[in-house]
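What follows is a short report on a single structure.
The chains referred to below are lettered A, B, ... by the order of the sequence lines, with proteins before strands, and numbering in each begins at 1.
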Amino acid sequence: MTLGKTDFIDDPAALERHLPGRRIEKVERYGKFMLLRLSATGQAGASENGDAKEASLLVHLGMTGNLAPYAPEQPCAKHTHVWFRLDDGRELRYTDPRRFGRMAYLTGELLATELTAFGADPLLVSAEEFASRIRSRSARIKALLLDQSVLRGIGNIYADESLWRAKIHPARVAAQLSKAQTRTLWRVLQDTLGKAIAARGSSISDFLDAEGRPGEYQRRHRAYGREGQRCFRCAATIRRVIVAGRSSYFCPRCQPAPRSAKAGVKRGRRAGARNA
DNA sequence: CTCGATCCCTGGACGC
DNA sequence: TGCGTCCAGGGATCGA
């Protein structure tokens, strides 16, 4: 294993100390994280330094990360920061220009703590559980969709796409959504994510999957990135506002603003006029 | 609990 | 062409 820049790695020394010789037993996904389950080494002294225990490598790709295997003679992409030499001769390379990703070698309780912090998987969560996680919350729905401890794995694109499909304004207070709206949002989240996964995701600038192929779902975006263009449903002009600190694209006709948000959501306006 | 602000980082867009 | 400036985004963190 070779490390380049390491400021996105929790404990680079732990990687160098504990990773060589391990086998990747399986790969799991927790929201936006990949979890590479590693074998115990069985080497002499392993029980003293902890290598006899099960361990995992947690990887987040951030905005621009990529983890993929290459033939060693393949030239390295710019901003490659980690090289894992595999026993079949290939190199697993981690590339991340912006280094918004994260890599961490974790065992035992540290790993358990990380995993329990995740919310429900939106693809598996029942309508009832989804509703129970939403209904008592006074935060705006967009903020909750992006909160990884409520639902894991939803990012800005799929939050906006789902809200457009459900005809819900991103600044609506979650607790004020009707039962029908909550149910609809649950349904369109699953549908949107399922279709996006089938299309290998959205390549806005440079996203490539582990096979080096771009996603196709950006061609089906109905809201995200479409400021100033016509709504596919009603032909009104798609707008962009900041909600929960993120760009939020929505149709002002299909997704009516909550009364309490009209002053606060306006561009640059001070949000002092919220309902009691 | 929820909010906004700030920082991290680089490439791309834009203005001159 | 080559600067400078601004911005995007996921998430951690801090103060209100």
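Atom CD of A:Glu114 is separated from atom C1' of C:dA12 by 12 Å (rounded to the nearest Å). When rounded to the nearest whole Å, the span between CD1 of A:Ile154 and P of C:dG11 equals 11 Å. When rounded to the nearest whole Å, the span between NZ of A:Lys142 and C1' of B:dC3 equals 16 Å. When rounded to the nearest whole Å, the span between CZ of A:Phe118 and C1' of C:dG10 equals 13 Å. With rounding to whole Å, A:Asp147 atom CG is found 9 Å from B:dT2 atom P. C:dG11 atom C1' lies 17 Å from atom CD1 of A:Ile9, rounded to whole Å. Remark: P of B:dC1 and CZ of A:Arg140 are 17 Å apart, rounded to the nearest angstrom. The interatomic distance linking A:Lys32 (NZ) with C:dG10 (C1') rounds to 6 Å, in whole Å.
Contact check, A:Thr64 against B:dT10: no side-chain N or O comes under 4.0 Å of OP1 or OP2. Considering only side-chain N and O atoms, A:Lys5 lies under 4.0 angstrom from the phosphate OP1 or OP2 of B:dT10. A sub-4.0 Å separation between OP1 or OP2 of C:dG9 and a side-chain N or O of A:Tyr224 is present. Note on A:Gln148: every side-chain N or O is 4.0 Å or more away from OP1 and OP2 of C:dG10. Taking side-chain N and O atoms only, A:His79 has no distance below 4.0 Å to OP1 or OP2 of B:dC9. Under 4.0 angstrom from either OP1 or OP2 of B:dC3 there lies no side-chain N or O belonging to A:Arg137.
Considering only the side chain of A:Ala139, B:dC3 comes nearest among B:dC3, B:dT10, C:dG10.
With DNA chain B read from its 5' end, the first of the two nearest nucleotides for A:Lys78 and A:Ser138 is the one closest to A:Ser138. Summary of the strand contacts: A:Leu144 and A:Arg246 both lie near DNA chain B, and taking for each the nucleotide with the nearest heavy atom, the more 5' one is attributed to A:Leu144.
A distance cut-off of 5.5 Å between ring centres, combined with a plane angle under 30°, leaves A:Phe100 outside any stacking arrangement with the base of C:dG11.
Note: A:Tyr94 and A:His81 have tilted aromatic rings, judged against thresholds of 30 and 60 degrees for the angle between ring planes.
For the residue pair A:Arg98 / A:Thr64, no side-chain donor-acceptor distance below 3.5 Å is found, with atom types taken as modelled. A:Thr2 and A:Arg85 share a donor-acceptor pair across their side chains, judged by distance under 3.5 Å alone.
Note that the two end axes of the helix from B:dT2-C:dA16 to B:dC16-C:dG2 enclose an angle of 40°, each drawn from 5 base pairs, rounded to 10 degrees.
Salt-bridge formation is detected for the pair A:Asp121/A:Arg29: a Lys NZ or Arg NE/NH1/NH2 atom is positioned less than 4.0 Å from an Asp or Glu carboxylate oxygen. A salt bridge is absent between A:Glu161 and A:Lys195; no separation between the charged side-chain nitrogens and carboxylate oxygens falls under 4.0 Å.
Between the OG atom in A:Ser162 and the CZ atom in A:Arg187 there is a gap of 11.0 Å [rounded to 0.5 Å].
Annotation: side-chain contact (heavy atoms from CB on, under 4.5 Å) contacts of A:Arg90 (sequence neighbours excluded): A:Pro69, A:Leu86, A:Asp88.
Residue contacts for A:Arg102: at a heavy-atom cut-off of 4.0 Å it reaches no nucleic acid atom on any strand shown. A:Asp96 comes within 4.0 angstrom of no nucleic acid atom, judged by non-hydrogen atoms across all strands.
In this structure, A:Leu189 and A:Leu151 have side chains that are in contact, with non-hydrogen atoms separated by less than 4.5 Å.
No donor-acceptor contact under 3.5 Å links the side chain of A:Arg98 to the base of C:dG10.
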